[in-house]
Amino acid sequence: RGPPRGGAAERRGAGRAVGGGAARFPGQRGLSELLQSSVGDEEPGEGEAAGGRREQRSPREGTVLLFPGQGSQFVGMGRGLLRYPGVRDMYRLAEKVLGYDLLSLCLEGPRAELDRTRHCQPAVFVASLAAVEKLNHLQPKVVESCVAAAGYSVGEFAALVFAGAMDFAEALCAVKVRAEAMQAAAEAVPSGMLSVIGRREANYKYACLEARRHCESLGIDSPVCEVSNYLFPDSRVIAGHIQALEFLQENASKFYFTRTKMLPVSGAFHTRLMEPAVEPLAEVLKSIEIQKPLICVYSNVDSKKYMHSKHIQKLLVKQLVSPVLWEQTMHSIYQRKQGMEFPYTYEVGPGKQLGAVLRKCNLKAWRQYSHVGVTEEEEAAET
């Protein structure tokens, strides 16, 4: 499925390697030229005359790329990407930035180390952009025709690198700081995340309020329990103190929850329990160059397009302590007038979770969905 192959797609040059030098993210060099004509409905940028707006593409001519987040990682990911041009160079550069052999950790584990927040976020970030290199090699027209991108949590950084807003090495440095700060914040308080599927009458705010009251009765000061991820209709992730989440599980029927499952993460991400991670991320983002994306990139915080560099810097920090509005983002990307065609969508990176969520949010859009795999087994299946 998807647009016909063809075209010569290269992506924007990534300027500076961390610590100086001229190392680049392979394949990133020509993105600027490719994407300049990708978006037709974007408002004119600063200093851009209204008359210079680009002609709008037919929806079927454009593509959308979705970048996964933490939780999609698994041991063995990346093995199916190593034969594509530039991918090994990406992992070599990642080793310099991170200070450890990310490729070996991804290929060989151990799983417990790969699953740690400080490791899995950089791992998913690099694997997703390496999957873009594969897509660019096999179907360059898909990359050339991209009109929009979105990333789930840490996936936003990969989406912004792809869209030319951030340098690969600098963005990876920010992801490293983010991941380490989030892990430290998670270890400070016994907390977690609970996946919930509820009936239509479920009142998530009320359930969280009751859980916080339960925590207060246990002597916990300022307990946290709130919706941290909006996935698809009737599905939420609730995050906060462990005692609150256990209370919700024990009283699931009272709150009209049909299914609850604790997620294998160490903390209450996207809640105010992540406030200790805000300053470290804010500081590193101030130190790197951020540009206006060359295509539409949608923010997790408000499900709207990023407008300029300061906007990106502000919302990437705010994202740490704000719920991920993924369901709302899917509506923003795929909103169409009756009868309009949907674009081809590619999930680039480990796992197919975003495709499964898209199917629940918009079945018609999902029918144009494909996954760009990161393992040898997926490679064999695709061919």
Side-chain angles (χ1 to χ4, degrees), residues 11-18 25 28 31-32 35-36 38-50 52-54 64-67 69 97 121-122 125 128-129 146-182 185 269-272 274-326 328-329 332-333:
R11 294 180 23 248
R12 175 180 175 264
R16 309 135 307 275
V18 170
F25 168 23
Q28 224 179 341
L31 183 63
S32 178
L35 299 184
Q36 286 294 347
S38 293
V39 185
D41 59 350
E42 191 175 12
E43 292 300 318
E46 295 176 14
E48 181 183 354
R53 291 180 67 178
R54 296 179 282 276
V64 174
L65 264 58
L66 302 179
F67 293 82
V97 173
Q121 290 190 18
F125 169 86
S128 296
L129 288 168
C146 186
V147 295
Y152 192 96
S153 192
V154 72
E156 244 180 39
F157 286 82
L160 287 164
V161 170
F162 170 73
M166 302 174 79
D167 167 85
F168 171 77
E170 290 186 338
L172 179 56
C173 185
V175 168
K176 177 180 186 287
V177 170
R178 178 187 190 268
E180 290 173 351
M182 288 175 71
F269 303 140
H270 304 291
T271 72
R272 60 183 174 85
M274 289 295 109
E275 282 176 357
V278 163
E279 188 174 347
L281 179 59
E283 286 302 309
V284 72
L285 288 175
K286 286 177 188 174
S287 70
I288 70 177
E289 183 183 353
I290 302 176
Q291 301 176 27
K292 182 179 179 180
L294 295 166
I295 60 171
C296 297
V297 179
Y298 290 79
S299 167
N300 289 179
V301 173
D302 60 10
S303 73
K304 297 177 183 177
K305 301 172 194 173
Y306 281 116
M307 301 309 295
H308 50 75
S309 59
K310 291 291 184 185
H311 193 211
I312 294 170
Q313 185 178 321
K314 177 183 176 183
L315 291 190
L316 284 178
V317 173
K318 190 174 181 182
Q319 188 220 64
L320 287 176
V321 292
S322 303
V324 173
L325 304 185
W326 193 255
Q328 295 87 331
T329 298
S332 294
I333 293 176

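With sequence neighbours left out, the side chain to side chain donor-acceptor pair (under 3.5 Å) criterion links Ser153 to Arg178, His270. By the side chain to side chain contact (heavy atoms under 4.5 Å, CB included) test, Lys314 is found to be paired with no residue, residues two or more places apart in sequence or in another chain being considered. Residues meeting the salt bridge (charged side-chain N to carboxylate O under 4.0 Å, His left out) test with Lys310, sequence neighbours left out: none. For Val177, the side chain to side chain contact (heavy atoms under 4.5 Å, CB included) criterion is met by Pro280, Val284, not counting sequence neighbours. With sequence neighbours left out, Val321 forms a side chain to side chain contact (heavy atoms under 4.5 Å, CB included) with Met274, Glu275, Val278. Residues passing the ring pair (Phe, Tyr, Trp, His ring centres under 6.0 Å) test with Phe125 are Phe168, sequence neighbours excluded. Considering only residues two or more places apart in sequence or on other chains, Gln328 meets the side chain to side chain donor-acceptor pair (under 3.5 Å) condition with none of them. Under the salt bridge (charged side-chain N to carboxylate O under 4.0 Å, His left out) criterion, Glu283 pairs with Lys286, not counting sequence neighbours. Annotation: ring pair (Phe, Tyr, Trp, His ring centres under 6.0 Å) contacts of Tyr152 (sequence neighbours excluded): Trp326.
Residues Leu325 and Asp302 come closest through the heavy atom pair CD1-CA, 4.0 Å. The minimum heavy-atom distance linking Ile295 with Ala149 is given by the pair CD1-CB, 4.2 Å. The minimum heavy-atom distance between Thr329 and Ser299, with the atom names listed, is OG1-O, 3.8 Å. Val317 and Ala282 get closest at one heavy-atom pair: CG2-CA, 3.7 Å. Between Leu129 and Phe67, the shortest heavy-atom distance links the atoms CD2-CE2, 4.2 Å. Contact between Ala174 and Leu285 at its shortest, heavy atoms only, is CB-CD2, 4.1 Å.
Summarising the geometry, atom CD belonging to Glu156 is positioned 5.5 Å from atom CG belonging to Leu316; distances are rounded to the nearest 0.5 Å. Summarising the geometry, atom CD1 belonging to Ile290 is positioned 12.0 Å from atom NE2 belonging to His311; distances are rounded to the nearest 0.5 Å. With rounding to the nearest 0.5 angstrom, the CG atom of Asn300 is 4.5 Å from the CD atom of Gln319. Atoms OG and CD, from Ser309 and Glu289 in turn, are 9.0 Å apart once rounded to the nearest 0.5 Å. Residue Gln291 holds its CD atom at 11.0 Å from CE of Met166, rounded to the nearest 0.5 Å.
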Give the intermediate values and the outcome of side chain to side chain contact (heavy atoms under 4.5 Å, CB included) for residues Val297 and Ile312. CA-CA 10 Å; Val297 179; Ile312 294 170; over 6 Å; no

Would you check, one step at a time, whether the test side chain to side chain contact (heavy atoms under 4.5 Å, CB included) holds for Leu320 with Met182? CA-CA 8 Å; Leu320 287 176; Met182 288 175 71; 3.5 Å; yes

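Counting heavy atoms from C-beta on, the side chains of Val324 and Phe269 never come closer than 4.5 Å.
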